[in-house]
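The figures that follow rest on heavy atoms only: side chains count, while hydrogens, waters and symmetry mates do not. Atoms within a ligand are numbered from 1 in the order they appear, just like the ligands themselves.
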Amino acid sequence: MCGIVAVTGYRKALPLLVEGLEKLEYRGYDSAGIAVIDSDNKKLVCHKAEGKLKNLKHKLDKKIISGSLGIGHTRWATHGKPVLRNAHPHCDWTKQVAVVQNGIIENYFELKTKLESEGIVFTSETDTEVIPHLIQKELNNLSNLNLENSGSTLLIAVRNVISDLEGAYALAVIWSGSPDSLVVARKQAPLIIGLGEGEFVCASDTPAITNITNTILPMEDDEMALLTPLGIEIYNSENERQYRNPISLRLSEQIVDKKHFKHYMLKEIYDQPQIAKNWIKQFLRNDESSLTSINYPFDIQFLKNIDQIQILACGTSRHAALVGSYLLEQYAGIPTNVFYASEFRYSPPPLSPNILTIGVTQSGETADTLAALNMEIKRRQSSGKESYKPNLIAITNRLDSSISRLVPNIIDISAGIEIGVAATKTFFGQLLSFYGLAITFAQIRKSKTHEEIDKMISNLIKIPPILEDLIISHNKISEELAHNFSNMKDVIFLGRGINYPIALEGALKLKEISYIHAAGYPAGEMKHGPIALLEKKVPVISIATPGNVFEKVISNAQEAKARDSYLVGIAPECEGTEIFDYLIPLPLIDEWISPLLTVVPMQLLSYHIAAHRGLDVDQPRNLAKSVTVE
Ligand code: AGP
């Protein structure tokens, strides 16, 4: 989604901005631009280009732009097509103020209509363009006051303007009248300030600032800040100055290295065994005397009163939540519901006491998930009933994100920054967190015996080496199999029980990066409609792991075979699996932990199909890494 980077200091801003934007490319975007105040003539210089950043770099090639104050942006279209005129930065009619913005200004139309009635001509269809015009108008008003400090003047102008803005946004503003002042503001969209030596940087995501500093101050909602080479001033919505200590980025948040892999996605699939090792080390404990075998960074006493769980998430995180709900209900015996965060917000179930709400989001910034959690917190607080506590946990990969500030109890999956837009290793990390929660609830509720829990734990401990071998062998197999799929138009994924969400995830991965239509179904549901689609050109990928529903899945696969579909099985080599035209073999493992393995061929197959089709695997069209608009 849109990315912001802005800098003020002593070095030339342009290369720093371009470097920052390169680090934000993974978020997904369709145009890019920069604006710098030229130190020679104190004029605003603005350059933009449609498409990838390389187009902007090409435009900037050989341009000498001095000036150490600038803003940059990668845009993911919401209002107006992804064309040059809509790319950020946007300037006011006098070309003195430039603004980059993430999020959506909901009342822009009303503001625009008013500005147009005053004779201001708009050059884009964006919601953003109202902001620089409004700031310029404020600057004109403030000029009568003859304020001494131009930075403060800009700060006041921006403050006056944002008090009229509705929606969720993060923005950065520069003005040629104050050639070293950067003003930034945040409302429900991420923005962090990086503290360098003699320079300050602001960005919507940490990778964009690591070329300058590893020391950050995440901004809170409704805060704004003035950054100059001499320091920063942060203010809350009451215009009170805010003071707090900076924090250091963890090493995993600083390193985004592709190593020898062709794409980040492949590297991230290969990262998974290490994530399992880290999780085992961090979360499994040997302390017999403790309440549970899982090591949480927060007090879990409140979980003892929980008798129901609701999980809010989107996309891949929701699929992890579905595996989680299976574990929580079927293993730990606690009723659990999973909601699309975007639906929950507008149609939540009736309030009930003793419910635990879990938000799942790798980015920690997904607007739908944050809004749903916010709504849930507020409605519980305002219910007036003491028993309706907002018992909350969030599972995220970004400790520095908005969800970490919203939710008190965080399970950090510590997977390291994921660059591929298609989530792989963060899904895996989310699954592990749910295994931890299921063990915890099974212990608290005594729904499983010591022996059963020990068995689950020892099976989880065995995962890393099995996974390492599996990734190597499945990588080869998937590369080979990808050739058969590259001309397909529709693919069906089937799974049952704990592997049904993996079928959904397989279909989502394939759609996202290969643009092949795919759908996942519970295998037993196929005969109730989707079977009509089946024919030779519609392959069916079935997950069949020995256990509760193995024979049923094999029978469902037979039904597909009878309709001439090409059948791929993700299953062990055992009786029954000879039915598959192509077998991606699995080791014989306990069904409870099977999703940790069955997801791997899904990821690898999608990856190789997309790579074989020559597509942009890491930055698929129209998608964004963190979806910060509703
Ligand atoms: C995953 O491959 C997708 N890009 C997408 O569905 C994603 O899972 C969804 O947008 C939720 O993101 P989050 O985990 O950051 O909240």
Do any nitrogen or oxygen atoms of [X] lie less than 3.5 angstrom from nitrogen or oxygen atoms of ligand 1?
X: T316; result: yes
X: T361; result: yes
X: A423; result: yes

Electrostatic pair [X]-[Y], nearest N-O below 4.0 angstrom:
X: K476; Y: E479; value: no
X: D205; Y: R398; value: yes
X: K425; Y: D271; value: yes

If you draw the axis of the six-membered ring of Y29, does the NZ or CZ of K52 fall within 45° of it and under 6.0 Å from the ring centre?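 Yes, K52 lies over the aromatic ring of Y29.
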Honestly, is R186 close enough over Y169, meaning NZ or CZ under 6.0 Å from the six-membered ring centre and within 45° of the axis?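 The answer is no, since R186 fails at least one limit relative to Y169.
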Look at the rings of Y270 and F261 and say which category their plane angle falls in: under 30° parallel, 30 to 60° tilted, over 60° perpendicular.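 Rings of Y270 and F261: tilted, as their planes differ by 30° to 60°.
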At a non-hydrogen distance cut-off of under 4.0 Å, which region of R318 contacts ligand 1 (side chain, backbone, both, or neither)?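 Contact part for R318 vs ligand 1: neither.
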Under 4.0 Å from any heavy atom of [X], which atoms of ligand 1 are there?
X: S317; value: 8 (O), 13 (P), 14 (O)
X: S363; value: 13 (P), 15 (O)
X: A422; value: 2 (O)

Can you tell me which residue and heavy atom of the protein come closest to [atom], and the distance to 0.1 Å?
atom: atom 13 (P) of ligand 1; result: T366 OG1, 3.2 Å
atom: atom 9 (C) of ligand 1; result: C314 O, 3.8 Å
atom: atom 10 (O) of ligand 1; result: V627 CG2, 3.9 Å
atom: atom 5 (C) of ligand 1; result: E512 OE2, 4.0 Å

I'd like to know if the side chain of E223 reaches the main chain of E220, judged simply by a donor and an acceptor atom lying under 3.5 Å from each other, with no hydrogens or angles considered.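 Yes: the side chain of E223 pairs with the backbone of E220.
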With sequence neighbours excluded, give me every salt bridge (Lys or Arg N to Asp or Glu O under 4.0 Å) pair touching residues 598-615.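 Residue pairs with at least one partner in residues 598-615: there are none.
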Would you say N337 and Q310 are linked by a side-chain donor-acceptor pair, where the criterion is simply a distance under 3.5 Å?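 No.
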Check for me whether K509 has a heavy atom closer than 4.0 Å to any atom of ligand 1.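 For ligand 1, residue contact (heavy atoms, under 4.0 Å) with K509 is present.
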Is V421 in contact with ligand 1, taking contact as a heavy-atom separation below 4.0 Å?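 Distance cut 4.0 Å: V421 passes for ligand 1.
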